[in-house]
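Notes to accompany the following structure.
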Amino acid sequence: MTARLFLIVTAILMSCFSLVVTVVPRWRMLQVAILLVAVWYLIAKEGHARRQALEAQRFKNAYDELDKQAKLIVKTDLELSRTQAELDKRITGLYTLHELGHLLQQTTDVAGLFARFDAVMLERLGFEKGCLGLLQADGAACEWKLAVHCPRETLERCAALLQQPALRKYLLNLKQPLLLTTQQRPPEVPPEFLKQLGLTSGVVARMSLPTQTAVLILGNETVFRTATTGDVELVAILVNQLRVAIENTTLNEELWDARRALELKVQERTRELAQANEALQRLSKAKSDFVSSVAHELRTPLTSIKGYASILMSGQLGKISADQAERLTKIDKHSNTLTQLINDLLDLSRLEAGKVTMTRQPIEVKTLFRNLLDVVKPQLEDKRLSLATDADDVTTLHADPAQLERVFINLLSNAIRYTPAGGRIALALRREGDHIVARVSDTGIGIGAQDLPRIFDEFYRANTAMNAEIRGTGLGLSLVMRIVDAHGGRIWVESTVGKGATFFLTLPLTAPSAADPQGAAHG
């Protein structure tokens, strides 16, 4: 009862008491007073009891609220602790994956990749056991490449489970890592799967390799370490790292094997080429010796033929008729041609064998041009050809005079031979660095692109209508190239059919020193 109600009741009792005093005798008054006091006391006690009950209820409500808040705080703290533990576990796993990624990048063979994934690495990822097996396409037993804290019996039981068609098909089509617990599993996974592996929870993932499919199983055997969705995310990253590392390592191994095989082939081909080169050198020497021997053997009878023809032509053995003189002239002409051929063969053999010494000395360009013009002038006049010479600022060449004249005479004779009447021929020199470049050009028929690579080969002549009419041995340009090589230079040709040809050759600007091997014999 509230204080206000208590005051109202007290006022009513006092009013009743006053009324009683006026109408009731004194001995009755005392009884009434006692009764009123008792009533008042009972009413006051009832109010006090009610107040205590209300206070107790208020205290109980406050206690219940505090208990509820305490439980909420404890629950929140536990959830925060679990979240913090899960976060710490994930951060540790990510750091571990980062470190593992560096280690995998440094590994060059597939076996080494799995060796990196040891018990310490598995523990840091938050798992107690792990294994990785290759599923065979023909359904044969699983080939285990990785086993951490998984004894042989466990792997055999796992392999037997993986032979089940439903489970095998399910794992082969698995897109994302699968979380397995005693309460959570898909219907395709048999209930005894975790038990057979000695696990209470775990994560199963499929990894696609270039030629096979692998299954990775990671888990815990104690109930205090339960796999979570965070572990699924870590395993997804791990599978991707392993897949990329295996592919890269496989490619590196294939590349290394291919490189090694190529090196072995190159070594084998090098040996074969060396042997072929030695054989070619022997054949070349045998050819040179044969050519030199045959040329020497031919020179003696040819000299006799030429001598007897000269005696007959001189009339020392009697008067000869005009027809006989014509035949003897042809014999002499063809004898000269054969003599030139033999001389070319002998010179070519000597150059190849390194038996020709280039006596280098200064040559005045004016003198060289004058000597060349004296030799080719009759041929130029016969075909009405013009010869232009240009020495630029070159005044002296360092070479063997006789051999250098032979080079230019051969090139100019070829230009005259293959240039139609009325054409132009040019001989020019210019300085380029530490070399002199000589150029002999003409406005003749030119050389076909198919013939350019072989133009300096011995006995090679382009298959053209003009070559069929013009006699030649095919040795002139080979001799020229050998002489230029012996001087430490090089020669090449540029040509377009119908627009003429240009031969280029280089010669050192100055004579070589005594220490230079090119100052001696060349071949």
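Just so we're clear, the structure is a prediction, and the values are computed from it rather than from any experiment.
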* To do: Starting at CG of Asn277, measure out to OG1 of Thr270 and round the result to the nearest 0.5 Å.
  => 11.5 Å
* Asked: Is atom NE2 of His435 surrounded by more than 12 heavy atoms (other residues, nucleotides or ligands) closer than 6.0 Å?
  -> yes
* **Check: Gln267 and Leu264 side chains under 4.5 Å, non-hydrogen atoms** => yes
* Asked: So, does Arg360 use its side chain to make a donor-acceptor pair with the main chain of His487 at under 3.5 Å?
  -> yes
* Asked: Quick check: does any side chain N or O of Asp434 sit under 3.5 Å from a backbone N or O of Leu509, one acting as donor and the other as acceptor?
  -> no
* Please step through side-chain contact (heavy atoms from CB on, under 4.5 Å) for the pair Val235 and Leu218, ending with a clear verdict. => CA-CA 8 Å; Val235 172; Leu218 302 176; 4.0 Å; yes
* Asked: With a 4.5 Å limit on heavy-atom distance, are the side chains of Leu373 and Leu387 in contact?
  -> yes
* Taking Asp390 for the side chain and Asp392 for the main chain, is one N or O donor matched with an acceptor at less than 3.5 Å? -> yes
* Asked: Less than 4.5 Å apart, any side-chain heavy atom of Leu122 and any of Glu128?
  -> no
* Structure fact -> Nearest heavy-atom contact between Thr396 and Pro362 is CG2-CB, 3.8 Å
* Would you give the length of the straight line joining atom CZ of Arg168 to atom OG1 of Thr213, rounded to the nearest 0.5 angstrom? => 9.0 Å
* Structure fact -> Taking every heavy atom of Val239 against every heavy atom of Ala205, the minimum-distance pair comes out as CG2-CB, 3.6 Å
* **CD/Glu364: more than 12 non-hydrogen atoms of other groups inside 6.0 Å** => no
* Asked: Does any N or O in the side chain of Ser495 come within less than 3.5 Å of the main-chain N or O of Ile447, such that one atom is a donor and the other an acceptor?
  -> yes
* Above 12 or not: heavy atoms from other molecules or residues under 6.0 Å from CD of Gln176? -> no
* Got more than 12 heavy atoms from elsewhere within 6.0 Å of CZ, Arg424? -> no
* Tell me, do Asp118 and Val148 make a side-chain contact under 4.5 Å, heavy atoms counted? -> no
* Going from CG on Leu262 to CG on Asp257, what distance comes out if it is rounded to the nearest 0.5 angstrom? -> 12.5 Å
* Asked: Taking everything shown except Lys383 itself, do over 12 heavy atoms lie less than 6.0 Å from its NZ?
  -> yes
* Asked: At what distance, to the nearest 0.5 angstrom, does CD1 of Ile425 lie from OG of Ser386?
  -> 7.5 Å
* Determine, for Glu263 against Lys265, whether the closest basic-nitrogen to carboxylate-oxygen distance falls under 4.0 angstrom. => no
* Would a 4.5 Å heavy-atom cut-off, applied to side chains only, mark Tyr170 and Leu178 as touching? -> yes
* Asked: How many angstroms lie between CD1 in Ile363 and CZ in Phe369, if you round to the nearest 0.5 Å?
  -> 11.5 Å
* To do: Verify, without hydrogens or angle tests, whether Asn248 (side chain) and Val244 (backbone) share a donor-acceptor contact under 3.5 angstrom.
  => yes
* Evaluation steps, salt bridge (Lys or Arg N to Asp or Glu O under 4.0 Å), between Arg430 and Glu432 -> CA-CA 7 Å; Arg430 71 175 184 272; Glu432 287 189 2; 2.5 Å; yes
* **From CZ (Arg406) to CG (Leu411), nearest 0.5 Å** => 12.5 Å
* Asked: Phe504 versus Ile491: any side-chain heavy-atom pair under 4.5 Å?
  -> no
* Asked: If you look at every heavy atom in Gly423 and Thr443, which pair is closest and at what distance?
  -> CA-OG1, 3.5 Å
* Asked: Is a donor on one side and an acceptor on the other found under 3.5 Å between the side chain of Asn240 and the backbone of Ile237?
  -> no
* **Ring-face cation contact, Trp256 with Arg260, 6.0 Å cut, 45° max** => no
* Arg271 and Glu268: CA distance, side-chain angles, deciding distance, salt bridge (Lys or Arg N to Asp or Glu O under 4.0 Å) verdict -> CA-CA 5 Å; Arg271 287 193 298 269; Glu268 182 180 354; 5.4 Å; no
* To do: Mind telling me whether Phe456 and Phe503 have parallel, tilted or perpendicular rings, with 30° and 60° as the class edges?
  => perpendicular
* Is any side-chain heavy atom of Met207 closer than 4.5 Å to a side-chain heavy atom of Leu242? -> yes
* Could you tell me whether the side chain of Leu132 reaches within less than 4.5 Å of the side chain of Val215, counting heavy atoms only? => no
* Structure fact -> Between Trp492 and Thr506 the two heavy atoms that sit nearest each other are CZ3-CG2, 3.8 Å
* Asked: Do Val437 and Leu429 pass the side-chain contact (heavy atoms from CB on, under 4.5 Å) test, and can you show the C-alpha distance, the side-chain angles, and the key distance before you say yes or no?
  -> CA-CA 6 Å; Val437 178; Leu429 304 176; over 6 Å; no
* Nearest heavy atoms of Val203 and Ala227, plus distance in Å -> CG2-CB, 4.3 Å
* Asked: Between Leu404 and Ala399, what is the shortest heavy-atom contact and its length?
  -> CD2-CB, 3.9 Å
* Asked: Passes side-chain contact (heavy atoms from CB on, under 4.5 Å), Asp231 versus Leu179? Steps please.
  -> CA-CA 8 Å; Asp231 295 323; Leu179 176 64; 5.8 Å; no
* **side-chain contact (heavy atoms from CB on, under 4.5 Å) assessment of Cys150 paired with Leu155** => CA-CA 7 Å; Cys150 291; Leu155 296 178; 4.0 Å; yes
* Backbone N or O of Leu174 within a donor-acceptor pair of the Arg206 side chain at under 3.5 Å? -> yes
